[in-house]
Amino acid sequence: AVQLVESGGGSVQAGGSLSLSCLASGYLVRYNCVSWFRQATGKEREGVATINVGGVTDYVDAVRGRFTISRDNAKNTVYLQMNALTAEDSAMYYCAAGSRNYCPIQGPRISGQYPYWGQGTQVTVSS
C-alpha cells in the first residue's frame, strides 16, 4: 500500500523558515510526480508546489521565490523548503502523489487528480 508521511511542521515567527518532508513508501517518487498542498482553517485546500518525473518544478504565485520543492530519490522523500514565511502561510500542509505524471496545482477540482495523500503537518506562523 502507498503511504505518505509528512513531517517538519511547527511554529515559527514571521520571516522564519521551515523545511517539510514527505516520506513515501510503496511509491517511488523518482518515477512519479508529487505535490504539496495546504489548507488553512476555513479555507479550501490549495496547491502550493509540484515536482515531476523529470525534476521540473512549479509553484503557485503566492509562494514562488520563497518556497522550494525538491526530491531525494535515494531516500524516496520530497521536501518543501519554506522561507520568508508570513502569517498567510499558516495551514495544514499535505503532500500528494499523482499518477501518469499529472500533478496539477492550479485549476478546479485538482485534489481529485491525486490518488494518494499524507495525513498532513501543521505550520503556524506568528506575526
Side-chain angles (χ1 to χ4, degrees):
V2 175
Q3 189 174 17
L4 303 175
V5 180
E6 302 96 333
S7 61
S11 297
V12 65
Q13 290 191 330
S17 299
L18 281 174
S19 181
L20 306 183
S21 299
C22 173
L23 173 63
S25 60
Y27 182 91
L28 294 177
V29 298
R30 73 178 72 189
Y31 296 134
N32 295 278
C33 55
V34 177
S35 301
W36 285 95
F37 284 74
R38 66 186 180 185
Q39 186 168 19
T41 303
K43 295 187 177 182
E44 293 188 356
R45 187 174 299 185
E46 62 177 359
V48 174
T50 189
I51 183 166
N52 71 8
V53 172
V56 177
T57 60
D58 194 17
Y59 305 89
V60 296
D61 288 344
V63 308
R64 194 184 307 274
R66 299 188 298 122
F67 290 13
T68 302
I69 188 171
S70 61
R71 182 177 69 206
D72 186 329
N73 293 336
K75 296 182 178 179
N76 209 32
T77 299
V78 174
Y79 303 96
L80 186 68
Q81 176 66 39
M82 306 185 295
N83 298 327
L85 287 162
T86 71
E88 287 68 36
D89 296 315
S90 295
M92 185 72 78
Y93 282 72
Y94 301 88
C95 67
S99 61
R100 305 182 307 278
N101 202 32
Y102 180 57
C103 286
I105 54 172
Q106 298 187 82
R109 299 180 295 278
I110 56 174
S111 294
Q113 302 298 328
Y114 292 81
Y116 310 112
W117 291 83
Q119 82 290 346
T121 186
Q122 179 68 41
V123 171
T124 303
V125 183
S126 57
S127 57

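All heavy atoms count here, side chains included; hydrogens, waters and symmetry mates do not. Note that the structure is predicted; figures quoted are calculated from it, not measured.
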Checking the side chain of [X] only, and the main-chain atoms of [Y] only, is there a donor and an acceptor separated by less than 3.5 Å?
X    : Y    : answer
Y114 : C103 : yes
T77  : L23  : no
E6   : C95  : yes

If two hydrophobic side chains count as joined below 4.5 Å and joins carry through other members, does V2 share a cluster with V34?
yes
Are L85 and Y79 grouped together when hydrophobic residues (ILVMFWY) are joined by side-chain heavy atoms under 4.5 angstrom apart?
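In one cluster: no.
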Quick one: [atom1] on [X] to [atom2] on [Y], what's the gap to the nearest 0.5 Å?
X   : Y    : atom1 : atom2 : answer
N32 : N101 : CG    : CG    : 7.5 Å
L18 : Q81  : CG    : CD    : 8.5 Å
I69 : S35  : CD1   : OG    : 6.0 Å
I51 : C33  : CD1   : SG    : 10.0 Å
R64 : D58  : CZ    : CG    : 5.5 Å
T57 : N52  : OG1   : CG    : 8.5 Å

Show the nearest heavy-atom pair for residues [X] and [Y], with the distance to one decimal.
X    : Y   : result
V53  : R71 : O-NH2, 3.2 Å
V123 : L20 : CG2-CD2, 4.1 Å
T86  : R66 : N-NH1, 4.2 Å
V29  : A24 : CG1-CB, 3.8 Å
Q106 : Y59 : NE2-O, 4.5 Å
S17  : A84 : OG-N, 4.3 Å

Mutual orientation of the aromatic rings belonging to Y116 and Y27 [parallel < 30°, tilted 30-60°, perpendicular > 60°]
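Rings of Y116 and Y27: perpendicular, as their planes differ by over 60°.
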With ring-ring contact (aromatic ring centres under 6.0 Å, His included) as the test, pick out the partner of W117 among W36, F37, Y93.
F37
Applying salt bridge (charged side-chain N to carboxylate O under 4.0 Å, His left out), which residue pairs with at least one partner in residues 25-45 are found, sequence neighbours left out?
R38-E46, R38-D89
